[in-house]
2 protein chains.
Amino acid sequence: MPAQVIVTVDVVLLTLKDERLQVALMKRPQDPFKGELALPGGYVHAEDDADVAAAAYRVLRDKMKLRPPYLEQLGSFSGARRDPRGWSISVCHLALVTPDVIADTHWFPADKLPRLAFDHASLVAAAATRVRNKSSYSALPAYLLPETFTLSELQTIYSQVLGEALEKSSFRRKLRDLDFLEEIPGAFKGGKQRPAQLYRLKGMAVFDRTI
Amino acid sequence: MPAQVIVTVDVVLLTLKDERLQVALMKRPQDPFKGELALPGGYVHAEDDADVAAAAYRVLRDKMKLRPPYLEQLGSFSGARRDPRGWSISVCHLALVTPDVIADTHWFPADKLPRLAFDHASLVAAAATRVRNKSSYSALPAYLLPETFTLSELQTIYSQVLGEALEKSSFRRKLRDLDFLEEIPGAFKGGKQRPAQLYRLKGMAVFDRTI
DNA sequence: GAATATAGTTGCACATTGCCACTATTTGTG
DNA sequence: CACAAATAGTGGCAATGTGCAACTATATTC
């Protein structure tokens, strides 16, 4: 029989606010690291959770009162030293939401973090890197927007995630080629100028290059 | 206190043999699934293992007598039903080796698997997909060759992993651009014709697009 | 020394991308 | 009611990248 291992899930919940990626952090209500900032997370409940993804959804439901439109497994972080209670493994997940859904959570810039509990700073860094990389070949950033959006809005989001200016014409051509959007017939978003066509994601819009 | 979770590592050890990806499988010496084919794996030893990667290396050392030149974490597979002993999580790793190093292991085509224990068929499928995807933009297949190799040998390997013919000229141009090889000055491999320049990987030759 | 087999390079047609100018449709203003 | 302003959306072309094939280079064999 092997010695006891602590099994947890943590979630890097990201959104785009003030033109940059921000992560949801909570003050830990109890030891270890009581009072310090940490990712939402918790033990895996073998009785309740179908798998670790279900545990991640449960944590978000209980602690953040939301169900994200996008969630994927990022990887497992393990070792004797990352949790003072003992040898632990955290299966880290990455989730994306729109910023408007949740007004009452505390957001922090993913690239300018305060001191975090455990090894959570590494998990946030890994998640931000993953989002940026995956954004260059997938529809991932669309999950940072409401379900319907204009191409200009989408371009702005991509540009902020990738941290670089994007050409309108090339961007739209690429979207056409990749073919993961669908036009919503007759739906437009009118600002004070010419109204823009609304789009939404087709099913299966995020390709997984890794697993 | 949460209910007990079984924490294991499994390794999808891949090589290229008979022009296709093959995976190392072992007959399980004990229950569960006694006598059936399975991936090399085992419990995480909290006393000995620095982290799950160390556990994966230990498993390969103990069960396969080797240390692979390449190993990465693939992902965690979890749930109540995958192991009859109870709710379990397996942190699956992917490792690559040259086929010649290990003559006494049993290899099976990754795309034509026999019946496997646990959910190991899914793990092998995930690993094979990852290797193929990652091969299109990284030096990964080079780990399926000895430390030094010719460009023609490398091209053959890439072509077999990707399952498609590759143009010699375009292939070499891409290698030059990506710049992860270094020429070994004065080292040639002579067949019965013109000898070929030998190369080896520079450090950090595999980019991780994901973590 | 000519045939042959593999290593390695060069040049060009074709496809893809980045860039910029153009048209289209709305609101606001005299 | 014309026209300026602002954003949406398209089209065309130069520059860059890729696929393909012919070419040169260097070894062995007979």
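Convention: sequence-line order gives letters A, B, ...; per-chain numbering from 1.
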Residues that R115(A) engages under side chain to side chain donor-acceptor pair (under 3.5 Å), provided they are two or more places apart: E36(A)
Does R58(B) come within less than 4.0 Å of D49(B), counting only side-chain N to carboxylate O? yes
Salt bridge present between D51(B) and R82(A) (N-O < 4.0 angstrom): no
Using atom [atom1] of [X] as one end and atom [atom2] of [N] as the other, report the distance to the nearest whole Å.
X	N	atom1	atom2	result
F171(B)	dT9(C)	CZ	P	14 Å
R176(B)	dG17(D)	CZ	P	13 Å
Q197(B)	dG8(C)	CD	P	7 Å
L178(B)	dG17(D)	CG	P	13 Å
D177(A)	dT17(C)	CG	C1'	11 Å
R172(A)	dA8(D)	CZ	P	7 Å

Base versus backbone protein contacts along nucleotides 19-29 of chain D [heavy-atom cut-off under 4.0 Å; B, S, -]: BBB---BBSS-
Where does the angle between the aromatic ring planes of F171(B) and Y158(B) fall among parallel (under 30°), tilted (30 to 60°) and perpendicular (over 60°)? perpendicular
Can you tell me if E72(B) and Y70(B) form a side-chain donor-acceptor pair at under 3.5 Å? yes
Closest non-hydrogen atom pair, V59(A) against G42(A): CG2-N, 4.0 Å
Answer yes or no: does atom CD of E183(A) have more than 12 heavy-atom neighbours from other residues, nucleotides or ligands under 6.0 Å? yes
Does the side chain of T150(A) come within less than 4.5 Å of F188(A)'s, by heavy atoms? no
Sorted by number, residues from residues 144-158 of chain A placing a heavy atom under 4.0 Å from DNA chain C are none
